[in-house]
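Written out below as C-alpha cells is the structure these notes cover.
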Amino acid sequence: MLTLLCTIVQGAWAEAGDTADNPITISSTEEWNTFVSNVNGGTNYSGKFVRLDADISVTEMAGSSETNSFQGTFLGNDKTLTFTKGS
C-alpha cells in the first residue's frame, strides 16, 4: 500500500517534461528562443518531452553543434514550426 501511495505522489509531482502527458510546452517565439538558448548552451533535454503548442515562426535553430544537440523527444502536436534563415 505504501509503495502504491509513493508512486501516485511521485506521478502527481512529476517535473514538466518527464512524460509525454506532462511535457515542456512551447507556444510562442519567445519560448522557442529560450529553448534554443538552453540547447545551444548545453542542455540536451535527454529523456525529456517537449511539445509545440502553437504554430510559430522562428529565426533560430536549436542545436548549434553535435556537442550541443537536442536529445529528447519533440512532439509536434500537429503544429507548424516555420524557420526563416537570415533577416
Single-linkage hydrophobic cluster [X]~[Y], side-chain heavy atoms < 4.5 angstrom:
X: Val36; Y: Ile24; result: yes
X: Val50; Y: Val58; result: yes
X: Val39; Y: Leu75; result: no

Show, in sequence, the C-alpha distance, side-chain angles and deciding distance for Thr43 and Phe35, and conclude whether the side-chain contact (heavy atoms from CB on, under 4.5 Å) test is met. CA-CA 9 Å; Thr43 303; Phe35 170 72; over 6 Å; no

Under 3.5 Å, side chain of [X] to main-chain N/O of [Y], donor-acceptor pair present?
X: Ser69; Y: Ser65; result: no
X: Asn77; Y: Lys79; result: no
X: Asn40; Y: Gly63; result: yes

Trp32 to Leu81 - nearest heavy-atom pair and separation: CH2-CD2, 3.6 Å

Check Ala16 against Pro23 and note the closest heavy-atom contact, atom names and distance. CB-O, 4.3 Å

Salt-bridge present (Lys48, Asp18; N to O < 4.0 Å): yes

Are the side chains of Ile56 and Thr82 in contact, using a 4.5 Å heavy-atom criterion? no

So, taking the atom named OG1 in Thr80 and the one named CG in Leu52, what distance separates them when rounded to the nearest 0.5 Å?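 Reported value, rounded in 0.5 Å steps: 8.0 Å.
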
Taking it one step at a time, do Glu60 and Asn33 satisfy side-chain contact (heavy atoms from CB on, under 4.5 Å)? CA-CA 7 Å; Glu60 299 291 328; Asn33 289 339; 4.2 Å; yes

Do Glu31 and Ser27 pass the side-chain hydrogen bond (donor to acceptor under 3.5 Å, both in side chains) test, and can you show the C-alpha distance, the side-chain angles, and the key distance before you say yes or no? CA-CA 7 Å; Glu31 290 175 349; Ser27 55; 3.0 Å; yes

So that I know where these two stand, are Tyr45 and Phe74 an aromatic pair - ring centroids less than 6.0 Å apart? no

